[in-house]
Visitor: 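Handing you a structure now.
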Amino acid sequence: MKKKNILIGCTGSVATIKLPILAEKLLNLSGFEVDVHVMVTEHARHFFSQTDLPGTVTMHTDHEEWTSWQGRGDPVLHIELGKWADLLIIAPLDANSLAKMATGLCDNLLLCTVRAWDPSKPLLFCPAMNTRMWQHPITESQISTLKSWGYREVPCIPKTLMCGDTGLGAMAEVDTIVETIREVLSENSE
């Protein structure tokens with residue numbers, strides 16, 4: 001079996017409630033031995049409990065980014081995570097973090113890791129936002145920017161959102177995300 005390190009990034013979208021299921025399914029990815037680490041924004045932490053994650057999953061937070069570095073020569077977490085991971089999946093990617101990524105801002109662990117990401121390794125993103133935010137004209141150009149850098153979109157889907165609105169904007173189904181990751185890892189293992 002091929003050993004792969006998968007880094008999951010989660011932003012402040014209600015779709016983060018699916019993180020424990022996504023992590024569990026990735027740990028059981030057919031054809032691969034997988035190690036999973038998770039990095040979450042502070043707002044993502046609102047939507048799940050760390051105790052819901054499988055016991056073998058390591059979680060990283062902004063706090064760890066700043067407490068692990070004490071002085072020159074110490075490892076820098078966002079650099080080390082980028083070196084460790086074979087693939088980065090951001091699921092969900094909310095409108096705020098999408099906008100920051102598309103303009104190069106890096107004000108948290110996840111966005112610093114993205115900014116330092118090796119473009120020869122796959123980066124997938126799963127947009128998730130309210131339908132009105134999805135329909136805003138800037139969203140299309142921001143997604144196009146990420147795709148122009150070689151990042152791969154796992155498109156959002158239409159459904160009734162937690163707020164009651166119905167339309168495009170929901171994160172792709174977990175099974176779709178997992179299958180896309182399996183395909184990408186298989187392509188990059190050949």
Side-chain angles (χ1 to χ4, degrees), residues 6-26 29 36-48 59-60 62 78 81-82 85 87-117 119 121-185 187:
I6 298 177
L7 182 58
I8 304 172
C10 290
T11 64
S13 164
V14 70
T16 297
I17 62 174
K18 297 180 181 182
L19 171 61
I21 298 164
L22 176 59
E24 183 70 40
K25 288 191 175 210
L26 287 174
L29 193 63
V36 174
H37 283 221
V38 171
M39 59 183 168
V40 294
T41 65
E42 286 304 308
H43 291 117
R45 295 178 77 179
H46 178 75
F47 297 106
F48 76 102
M59 189 173 96
H60 303 281
D62 291 342
H78 65 267
L81 288 172
L87 178 143
L88 170 56
I89 175 79
I90 305 171
L93 176 59
D94 66 11
N96 183 52
S97 296
L98 169 63
K100 289 178 177 185
M101 280 175 62
T103 58
L105 291 176
C106 45
D107 61 357
N108 59 38
L109 173 61
L110 189 153
L111 295 173
C112 285
T113 304
V114 169
R115 183 69 185 256
W117 189 252
K121 297 196 289 187
L123 186 153
L124 289 72
F125 64 97
C126 306
M129 61 194 74
N130 179 273
T131 301
R132 292 172 187 250
M133 297 171 95
W134 178 256
Q135 292 171 341
H136 190 284
I138 198 149
T139 303
E140 183 179 350
S141 67
Q142 291 170 340
I143 291 202
S144 293
T145 296
L146 299 189
K147 289 163 83 172
S148 76
W149 298 337
Y151 301 168
R152 182 170 171 176
E153 178 186 13
V154 183
C156 65
I157 58 173
K159 67 188 259 185
T160 300
L161 306 172
M162 290 294 247
C163 64
D165 291 349
T166 300
L168 273 172
M171 185 174 81
E173 296 293 343
V174 170
D175 287 342
T176 301
I177 297 167
V178 171
E179 180 57 26
T180 304
I181 291 170
R182 192 192 62 71
E183 290 170 6
V184 169
L185 289 177
E187 291 166 7

Visitor: Of all heavy-atom pairs between Leu105 and Arg115, which one has the smallest distance, and what is that distance?
Guide: N-NH1, 4.4 Å
Visitor: Does CD belonging to Glu183 count more than 12 external heavy atoms closer than 6.0 Å?
Guide: yes
Visitor: Mind checking the CG-CH2 spacing from Leu98 to Trp134? Nearest 0.5 Å is all I need.
Guide: 8.0 Å
Visitor: Applying side chain to side chain contact (heavy atoms under 4.5 Å, CB included) to Asp94 and Thr41, what does each step give before you reach the verdict?
Guide: CA-CA 11 Å; Asp94 66 11; Thr41 65; 5.7 Å; no
Visitor: Starting at CG of Leu26, measure out to CZ of Arg182 and round the result to the nearest 0.5 Å.
Guide: 12.0 Å
Visitor: Is the NE2 atom of His43 crowded by more than 12 outside heavy atoms at less than 6.0 Å?
Guide: no
Visitor: How far does OG1 of Thr113 sit from NE2 of His60, to the nearest 0.5 angstrom?
Guide: 9.0 Å
Visitor: Identify the heavy atoms of Ala95 and Met133 that sit nearest to each other, and give their distance.
Guide: CB-CE, 3.5 Å
Visitor: Write down the atom of Leu87, the atom of Trp117, and the distance for their closest heavy-atom approach.
Guide: C-CH2, 3.9 Å
Visitor: Apply the test side chain to side chain contact (heavy atoms under 4.5 Å, CB included) to residues Leu81 and Leu88: give CA-CA distance (whole Å), side-chain angles for both, the deciding distance (0.1 Å), then the verdict.
Guide: CA-CA 10 Å; Leu81 288 172; Leu88 170 56; over 6 Å; no
Visitor: How close do Thr16 and Thr11 get, heavy atom to heavy atom, and via which atoms?
Guide: OG1-O, 2.9 Å
Visitor: Donor-acceptor pair, Ser144 side chain versus Glu140 backbone, under 3.5 Å?
Guide: yes
Visitor: Please tell me if the side chains of Ile90 and Tyr151 come closer than 4.5 Å, counting only heavy atoms from C-beta onward.
Guide: no
Visitor: Please walk me through it: do Lys18 and Ile177 pass side chain to side chain contact (heavy atoms under 4.5 Å, CB included)?
Guide: CA-CA 11 Å; Lys18 297 180 181 182; Ile177 297 167; over 6 Å; no
Visitor: Distance from Gln142 atom CD to Lys147 atom NZ, nearest 0.5 Å?
Guide: 13.5 Å
Visitor: State, with a plain yes or no, whether a side-chain heavy atom of Phe125 is found less than 4.5 Å away from one of Ile143.
Guide: yes
Visitor: Could you give me the CA-CA distance, side-chain angles and deciding distance for Val40 and Met59, then say whether side chain to side chain contact (heavy atoms under 4.5 Å, CB included) is met?
Guide: CA-CA 8 Å; Val40 294; Met59 189 173 96; 4.2 Å; yes
Visitor: Is the closest side-chain heavy-atom distance between Pro122 and Arg152 below 4.5 Å?
Guide: no
Visitor: Is there a side-chain contact between Pro158 and Leu168 in this structure, where contact means two heavy atoms from C-beta onward sitting under 4.5 Å apart?
Guide: yes
Visitor: Give me the atom names and distance for the closest heavy-atom approach of Leu110 to Met39.
Guide: CA-SD, 3.7 Å
Visitor: Do Lys121 side-chain atoms and Gly82 backbone N/O form a donor-acceptor pair below 3.5 Å?
Guide: yes
Visitor: Between atom CD1 of Ile17 and atom NE2 of His46, what is the distance when rounded to the nearest 0.5 Å?
Guide: 11.0 Å
Visitor: Do Lys100 and Val114 touch side chain to side chain, with heavy atoms closer than 4.5 Å?
Guide: no
Visitor: Grab the two heavy atoms, one from Cys10 and one from Ala44, that are nearest each other, plus how far apart they are.
Guide: O-CB, 3.4 Å
Visitor: Atom CD1 of Ile157 and atom CE of Met171: how far apart are they, to the nearest 0.5 Å?
Guide: 8.5 Å
Visitor: Could you check Ile8, Val36, Leu7 and say which one makes a side-chain contact (heavy atoms from CB on, under 4.5 Å) with Ile89?
Guide: Ile8
